[in-house]
There are 2 protein chains.
Amino acid sequence: MNEQLQPLKKHTRTAKSRTGTQDDIVYAHIFDAILEQRLAPGTKLSEEALGEIFGVSRTIIRRALSRLAHEGVVLLRPNRGAVVASPSVDEARQIFYARRLVERAITELAVEHATAEQLAELRQMVTDERDCFDRGDRGAGIRLSGEFHLKLAEAAKNAPLVSFQRSLVSQTSLIIAQYEGGSRSHCSYDEHNELIDAIEARDADKAVQLMMHHMDHIDSKLNLDEDTASDDLHAVFSHLLLGKKKLRPANS
Amino acid sequence: MNEQLQPLKKHTRTAKSRTGTQDDIVYAHIFDAILEQRLAPGTKLSEEALGEIFGVSRTIIRRALSRLAHEGVVLLRPNRGAVVASPSVDEARQIFYARRLVERAITELAVEHATAEQLAELRQMVTDERDCFDRGDRGAGIRLSGEFHLKLAEAAKNAPLVSFQRSLVSQTSLIIAQYEGGSRSHCSYDEHNELIDAIEARDADKAVQLMMHHMDHIDSKLNLDEDTASDDLHAVFSHLLLGKKKLRPANS
DNA sequence: GATTATGTGTTTGTATACAAGAAATGCAAG
DNA sequence: CTTGCATTTCTTGTATACAAACACATAATC
């Protein structure tokens, strides 16, 4: 039953390898497409169109969109369909506040609970992440970088925090994709490696300090601080550009 | 369209007064039923049965169950239907850990951002809550007490935290309903009032201190600490009791 | 000429029919 | 009497058909 539809062999099979039910697959593919900016913020996600693309009925699409909406990467307006979320600067700040809070707790818990296997997996993920950035696959890099933080949350052994972290990481990735600054190395894997070192050494203070510095680093690369005008304008007008009618020059 | 089905005038109209779409109504009613323990942990939630009860199709029920599963009050097993969640002691501990974390942040933010109107609303909610407990409506009391904490989260003006808090409060209410200790005053409204006082005085340290004490108070009333044997057994066997066939006495 | 009303087309919301999977029951064999 | 297997029934998963709401365009009136 999972085999009867596999028209989903896009790019490098970035969608999660877990061969779950169809809506998992659809969910993962839309998710990846959003993070890799193949779907721009504000883009309308028509149920029927997506259904045709993935070869499934609207029922499945609807479930996937519902999940994405719950994680905040898709906005689901009643009777008006789904669009790719375009977080405002204020929303981005709220997300970053929550993330600092959660990352601090996760780091402390991971120092306490992370097993050797988990640390090894984390190291592997950092390697994969570096490979992605090296080969220029920015979208996959952002996604893997997010998955690193999610894996860390799993090492903390607190299910509610994992769930929350998943939502925060998704939205953060969206924000990074949207508000990226000039610098290209986004989530420096060096910092990730140092972090694993501190956790492996069971040095909670240092690990937390590194994590907080890492957070600072991430949002210092974004154009959130004061400098929000240009990106904000883009977000503000993105929904107007959806209609197919051509706009006349605004300054005439 | 919202008016065409109203066979939902149960008890005291506790379901949220927002007259949203059908699945909101169904969601709220099942949610309330679980919190007020009219649905015991482990109870199977048949889609068709619920559909008949609420006079809607399985489609709506399915959406509602999906939401409830996302909040953690319902467990959704693939191909095997939904059951009312029965959090283990360990899961309860994880939830409480996360709640302390979030409540601390929310309190700090509320001190900073809460408006006079919001504080007034909070006071009103405490009054309502006291009325419920006074008139012996324990289920509604637990629910209102949870809604107080949710309202406080809204005053903190951080959307991701509100969303997370909603999930945590739901699960906490379920835990309280499941692991209640002997004492009857569950979420002492006095503590809620003191908390509002401190927030109104913009005294962050005192507010946080009160909130943490409040959290201590809540879980000191539960049978989580060491004393978990009896309740654990109940949780372990609860799903066996679902079948309608009568069990023979276990100790014979 | 601008603004409002109306009609058409497209998209979402809901219900239902059908297919696939799991639990339960009954039968048969040891 | 117990145990293993097959059939049967019930429940969930998915697709599709229908109804309602919205967006857009056209036309009519002020």
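Each chain gets a letter, A, B and so on, in the order its sequence line appears, and its residues count up from 1. Note that these values count all heavy atoms, side chains included, but never hydrogens, waters or copies made by symmetry.
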(message) A side-chain contact here means heavy atoms from C-beta on lying under 4.5 Å apart; do A:Val169 and A:Arg99 qualify?
(response) yes
(request) Let me know the distance between CZ of B:Arg62 and P of C:dG13, rounded to the nearest Å. (result) 17 Å
(message) From the set C:dG13, C:dA22, C:dT14, return the single nucleotide nearest to any side-chain atom of B:Ser57.
(response) C:dT14
(message) Output the rounded distance in Å from CG (A:Leu50) to P (D:dT14).
(response) 17 Å
(message) Side chains of A:Tyr97 and B:Leu109, heavy atoms from C-beta outward: is any pair under 4.5 Å?
(response) yes
(request) Nearest whole angstrom, please: distance from the C1' of D:dT14 to the CD of A:Glu52. (result) 17 Å
Heteroatom pairs (N/O) under 3.5 angstrom, protein to nucleotides 23-25 of chain C:
unit_1	atom_1	unit_2	atom_2	d
C:dA23	OP1	B:Arg80	NE	2.5
C:dA23	OP1	B:Arg80	NH2	3.0

(request) Using whole Å, report how far CD1 of A:Ile61 lies from P of C:dT11. (result) 15 Å
(request) Find the distance B:Glu48:CD to D:dT12:P and express it as a whole number of Å. (result) 8 Å
(message) If the cut-off is 4.0 Å, is B:Lys44 near the phosphate of C:dA22, judged by side-chain N/O to OP1 or OP2?
(response) no
(message) From CZ of A:Arg58 over to P of D:dC18, roughly how many Å is that when rounded to an integer?
(response) 14 Å
(request) Ignoring hydrogens and angles, answer whether the base of C:dG13 and the side-chain atoms of B:Arg63 contain a donor-acceptor pair closer than 3.5 Å. (result) no
(request) Establish, from distance only, whether the side-chain atoms of A:Glu103 and A:His149 form a donor-acceptor pair under 3.5 Å. (result) yes
(message) Looking only at the side chain of A:Val56 (C-beta and beyond, no hydrogens), which of the listed nucleotides D:dT12, C:dG13, D:dA15 gets closest?
(response) D:dA15
(message) Nearest heavy atom decides the nucleotide; on that basis, is B:Thr59 or A:Pro78 closer to the 5' end of DNA chain D?
(response) B:Thr59
(message) Suppose we screen for side chain to side chain donor-acceptor pair (under 3.5 Å). Which residues come up paired with A:Arg100, at least two apart in sequence or across chains?
(response) A:Asp216, A:Asp219
(request) With sequence neighbours excluded, tell me which residues meet salt bridge (Lys or Arg N to Asp or Glu O under 4.0 Å) with A:Lys151. (result) A:Glu121, A:Glu154
(request) For A:Ile60 and D:dT14, give me the distance from atom CD1 to atom C1', rounded to whole Å. (result) 6 Å
(message) So that I can tick it off, tell me whether A:Arg67 and A:Glu71 are bridged by a salt bridge, with the cut-off set at under 4.0 angstrom between side-chain N and carboxylate O.
(response) no
(request) Name the orientation class of the two ring planes belonging to A:Phe54 and A:His29 (parallel below 30°, tilted from 30 to 60°, perpendicular beyond 60°). (result) tilted
(request) Return the value, rounded to whole Å, for the distance between atom CD of B:Glu47 and atom C1' of C:dT16. (result) 14 Å
